[in-house]
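Just below is one structure, and these are the notes that go with it.
Numbers here simply count residues along the sequence, with the first being 1. Since we're looking at a predicted model, the values are computed, not measured. Note that ligands are numbered from 1 as they come in the structure, with each ligand's atoms numbered from 1 the same way.
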Amino acid sequence: MQVFLSSPRGFCAGVVRAIDVVDMCLRRYGPPVYVKHQIVHNPHVVSDLERRGAITVEDIEEVPEGSLVIFSAHGSPPDDFFKAKALNLTVIDAVCPLVTKVHNEAKKYHREGKKVLLVGHKGHQEVRGTMGQVEMTLVDDTAEAELTDWDSEEEVAVLTQTTLSVGDTAQAINAIKDKFPNAVVRNDICYATTNRQDAVYKMAGLVDIVLVIGAQNSSNCNRLREVGESLGVPAYLINGPEEISEEWLVGKNNVGITSGASTPEVLVESVIDSLSPEKVTMITGVEEDIMFNLPKQLR
Ligand code: SF4
């Protein structure tokens, strides 16, 4: 068996920054350090930080008064900041700067009097944070836009979740543009999402199966699996080697491996080890050299 390793894969700059924030707070302030929502969508990363004293909560009200709380990389609605203030919490926001950019765009277009549409997945943490910034309407990237009661002359601004499928989003945007020809459209899908999907497109022609390493609740991991499937290659999303089913590999000589933006490389290595391939071929992709500054409290 031969393994083809997609590149780029794994951690993006926003995830590195968010993990660094928790790591630095643990070292600087000592445990416990509260984290609102999983700092990034990967159970391996979360449990590693929890072993060192991070406590993940879903609701700000679970954080004891006066404590330090870190907000996750996905971004948070203003309500969470108000609640934190009421509890006298010190907030360090580990939101990815590329998500903040979407929040700022939403505020700008709202101020200009435009109706804001967000293409994204209902219930995802990033969507909750973005939807809280100003009044806006959510459009699923796979569904027909249900915008029938709006006038087609309406001034509309279209934003997107950062971790969507590039292909599906283009279709959703076309549907919106058909209805609102004057819509201002921002492409907010981030560089890491785009590069990882492009790399799977490149790899798909060489492999019989794609294994995406990452968590089930990771949006960008799910999109990588869908890209593989859309190209006719069986694709599976797994946390690690223990989730590989032997029957997937029957008759498969060329196994493609990639990982989402929140997946540590150690999990990719453990999957490769478990497959014991005769050869591992790295498919060269776009070089990424993006880095983000830490929040000002930690600089
Ligand atoms: S996937 Fe993109 S938006 Fe999300 S944390 Fe990484 S760089 Fe930021």
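- No option in K107, K101, K108 other than K101 meets the salt bridge (Lys or Arg N to Asp or Glu O under 4.0 Å) test with E105.
- Between D20 and R17, no side-chain nitrogen of the basic residue sits less than 4.0 Å from a carboxylate oxygen of the acidic one, so the salt-bridge criterion is not met.
- Between R196 atom CZ and T194 atom OG1 the span is 10.0 Å, to the nearest 0.5 Å.
- Relative ring orientation between Y236 and W248 is described as parallel, the plane-to-plane angle staying below 30° on a 0-90° scale split at 30° and 60°.
- Separation of atoms OG1 (T258) and CE (M203) is listed at 5.5 Å; rounding is to 0.5 Å.
- Between K83 and D79, no side-chain nitrogen of the basic residue sits less than 4.0 Å from a carboxylate oxygen of the acidic one, so the salt-bridge criterion is not met.
- Protein contacts to atom 2 (Fe) of ligand 1 involving N, O or S atoms at a distance below 2.8 Å are C190 SG.
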